[in-house]
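The structure under discussion appears below in the form of structure tokens.
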Amino acid sequence: MIHPEAKDVFEIFSQLNMIPRPSWHEERVADFLCDFARQLSLPYRRDARNCVVISKPATKGYEHAAPVALLNHSDMVCVAKEGVDYAPLTSPIRAYTQNGWIMAHGSSLGADNGIGLAMALAVLKSIDIPHPALEVVTTSNEEDGMTGAANLSKEFLSARRIINLDSEDYDTITLGSAGALLQNTVIPFSLTSIPCGHCLWRVRITGGLGGHSGVDIGKHRTNANWLMACFLHRVLLNDRAMLVNISGGSANNAIANVCEATIACCCDDVIARLADDYQRCLTAQYGAYEKDLRISLERLRDVAGTEMMGIDYNTSHSVIRALHLLPNGPLAMSKTISGTVETSNNTGCIRTEAGHLSVSNYSRSFCEESLLRLGNDVRSILAEAGGESKVIMRAPAWLSPTDTPFIRLAEDVFDDVLGFRPRKVAMHFALEAGFFMEKYPGVEMISIGPKIIEPHSTAERVSVESVNNIWAVLKEMLSRMR
């Protein structure tokens, strides 16, 4: 049940979900933030990348307290169920509440990070929450490169105490996050005529749970892109086949749950047998975690003459071999943070486009050396297939001290308001905090947030009760920050 004191939070979240806001397209949500500030007669600044900071003066009695920043990002990962009429650039989120959870009809919800942003805006709107001088900072393109945070000016922020509202476990205080490296690789190819006698087959890997490639990477989630590469590698070893096209994944920062490819084969019985064998392998290896994981085949038609084009045998083989060899999933566990993935790689999107194949890889690690080595490995593997890689985003790791007055204040508030002391954790997903630590000397930061399940997926949902709880914690923290 929505607590009356949190009513504004949920109303603002509903308003945000009427605004399409995929990464790289934050213009409209930035307009909304600026309008929000103007309606409250609060000063604001907006930079060329649609990052916005809104300032609010300290309430009476807090004039001499150090200022505080509330940090969020405005973009969301937009994914939809197959067959759902949803266009990320134009469709609003159709949210509903069921059994204490807010979720969306057929698409991701945008609670990551819309619900945290709604809390920050509700603080700006409030007239009865005591607080020091506030800066509500909203960055752009956090989900697909963190380019907003990476390019903030040194004058954009004056506060040196930051509460980030982008965490997803309400019983924790996040004090660190992994470093991240996002690369996109382009592999050029030439098309050639598919010989007569070949047959076209559409291959689909479906039913994966998908999810956030940082949060969920250690939960036995399969990556449909990698599974497709493994299957096609088997086909190419057993048949003189050619790759025609491939398309998998919906976002660089998400674990691909669907991948589709078209191939031209000589022998129908070979690919059918291999698909049956592969389905048995998928069920045996992953069935306990992903019960709906499936490979399906659709025979399209025989190729007559030179009417169809595909990627030649040698290039097809080198491309598929490279995709098959890419590091996949959790690669090392932390020796110091129990149960935490230290290093991972996720192949987010694969697309055949005009004359080239595009492949994105999102690598993460708490260890700088491991991250650099992993990035080099990814580049080297794809270079063997003729690929040229470009770094899209590089985010530094972040790890705060575990015992400071700021952190003890947060712990005490959790204890007094919710009746428990929160766990102090470092998360495998990348947060923008590393950029703020580098850019603004002396910054102290914690990250808190409500309970969000399955972010970056169509199963994304947020607990109403946990929103009520974190809202109460946030208000009390601000009131104690004299």
Side-chain angles (χ1 to χ4, degrees), residues 81-83 194-211 216 219-250 255-304 308-330 346-352 357 359 385 457-459:
K81 291 181 180 178
E82 190 174 6
I194 298 174
C196 200
H198 283 56
C199 181
L200 291 180
W201 287 87
R202 180 179 292 121
V203 186
R204 304 189 78 239
I205 303 284
T206 59
L209 292 174
D216 299 315
K219 298 178 181 177
H220 306 284
R221 303 294 172 86
T222 57
N223 185 310
N225 291 333
W226 185 75
L227 292 178
M228 178 66 79
C230 293
F231 175 72
L232 295 182
H233 189 250
R234 293 186 183 196
V235 173
L236 292 173
L237 289 176
N238 287 272
D239 194 349
R240 193 162 173 74
M242 302 169 67
L243 179 66
V244 178
N245 57 59
I246 184 170
S247 177
S250 56
I255 301 171
N257 63 344
V258 175
C259 187
E260 180 177 300
T262 303
I263 57 175
C265 298
C266 296
C267 306
D268 289 359
D269 58 334
V270 170
I271 189 171
R273 173 178 55 80
L274 290 173
D276 288 342
D277 290 344
Y278 200 60
Q279 181 62 63
R280 284 190 286 271
C281 290
L282 294 178
T283 302
Q285 189 167 355
Y286 306 109
Y289 308 102
E290 304 204 58
K291 300 183 184 301
D292 297 325
L293 197 59
R294 297 287 183 273
I295 181 170
S296 61
L297 291 178
E298 179 186 359
R299 194 176 191 276
L300 299 179
R301 60 187 171 119
D302 294 325
V303 177
M308 288 296 297
M309 306 288 283
I311 303 172
D312 68 82
Y313 296 121
N314 290 335
T315 305
S316 291
H317 189 91
S318 64
V319 165
I320 295 303
R321 181 176 182 275
L323 297 177
H324 170 247
L325 290 175
L326 284 172
N328 176 66
N346 179 72
T347 303
C349 294
I350 301 176
R351 300 281 186 273
T352 44
L357 183 76
V359 186
S457 79
T458 58

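The chain is numbered in sequence order, starting from 1.
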If we only count heavy atoms from C-beta on, is the Cys265 to Val270 side-chain gap below 4.5 Å? no

Heavy-atom closest pair (Pro195 atom, Met242 atom, distance to 0.1 Å) is CD-SD, 3.8 Å

(request) Could you tell me whether the side chain of Arg234 reaches within less than 4.5 Å of the side chain of Cys281, counting heavy atoms only? (result) yes

query = Would you call Asp276 and Arg273 a salt bridge, taking side-chain N to carboxylate O under 4.0 Å as the test?
reply = no

Distance col, row Cys259:SG vs Ile295:CD1, nearest 0.5 angstrom, shows 10.0 Å

Nearest heavy-atom approach of Ser457 to Leu209 is CB-O, 4.3 Å

d(Ile350 CD1, Glu260 CD) to nearest 0.5 Å is 13.0 Å

What one should report as the nearest heavy-atom pair of Ile271 and Leu297 is O-CD1, 3.7 Å

For Leu236 and Ser316 the tightest heavy-atom approach is CD1-O, 3.7 Å

message: What I'd like to find out is whether the side chain of Leu200 reaches to under 4.5 Å of the side chain of Ile263, using heavy atoms alone.
response: no

Practice problem: Identify whether the distance between the nearest side-chain nitrogen and carboxylate oxygen of Arg221 and Glu290 falls below 4.0 Å. | Solution: no

Arg321 and His233 have their tightest heavy-atom pair at CA-CD2, 3.9 Å

In this structure, SG of Cys349 is separated from CZ of Arg351 (nearest 0.5 Å) by 5.0 Å

* Can Leu243 and His317 be said to form a side chain to side chain contact (heavy atoms under 4.5 Å, CB included), step by step? -> CA-CA 8 Å; Leu243 179 66; His317 189 91; over 6 Å; no

Would you mind reporting whether Asn223 and Asn346 have side-chain heavy atoms less than 4.5 Å apart? yes

- Sub-4.5 Å side-chain heavy-atom contact between Asn257 and Thr458: no

query: So do Leu274 and Asn238 actually touch side chain to side chain, heavy atoms under 4.5 Å?
result: yes

Between the side chain of Thr206 and the main-chain N/O of Val258, is any donor-acceptor distance below 3.5 Å? no

Rounded to the nearest 0.5 angstrom, the CH2-OG1 distance for Trp201 and Thr262 is 12.5 Å

Do side-chain atoms of Asp216 reach the backbone of Lys219 as a donor and acceptor pair under 3.5 angstrom?
no

Nearest heavy-atom approach of Ser318 to Ala385 is O-CB, 3.6 Å

If the plane angle is over 60° it's perpendicular, under 30° parallel, otherwise tilted; pick one for His220 and Tyr289. parallel

* To do: Verify side chain to side chain contact (heavy atoms under 4.5 Å, CB included) between Leu323 and Asn225, making sure each step is shown before the conclusion.
  => CA-CA 8 Å; Leu323 297 177; Asn225 291 333; over 6 Å; no

Taken in chain and number order and not counting sequence neighbours, the residues that satisfy side chain to side chain contact (heavy atoms under 4.5 Å, CB included) with Leu227 are Ile205, Thr222, Tyr278, Leu282, Tyr286, Leu293

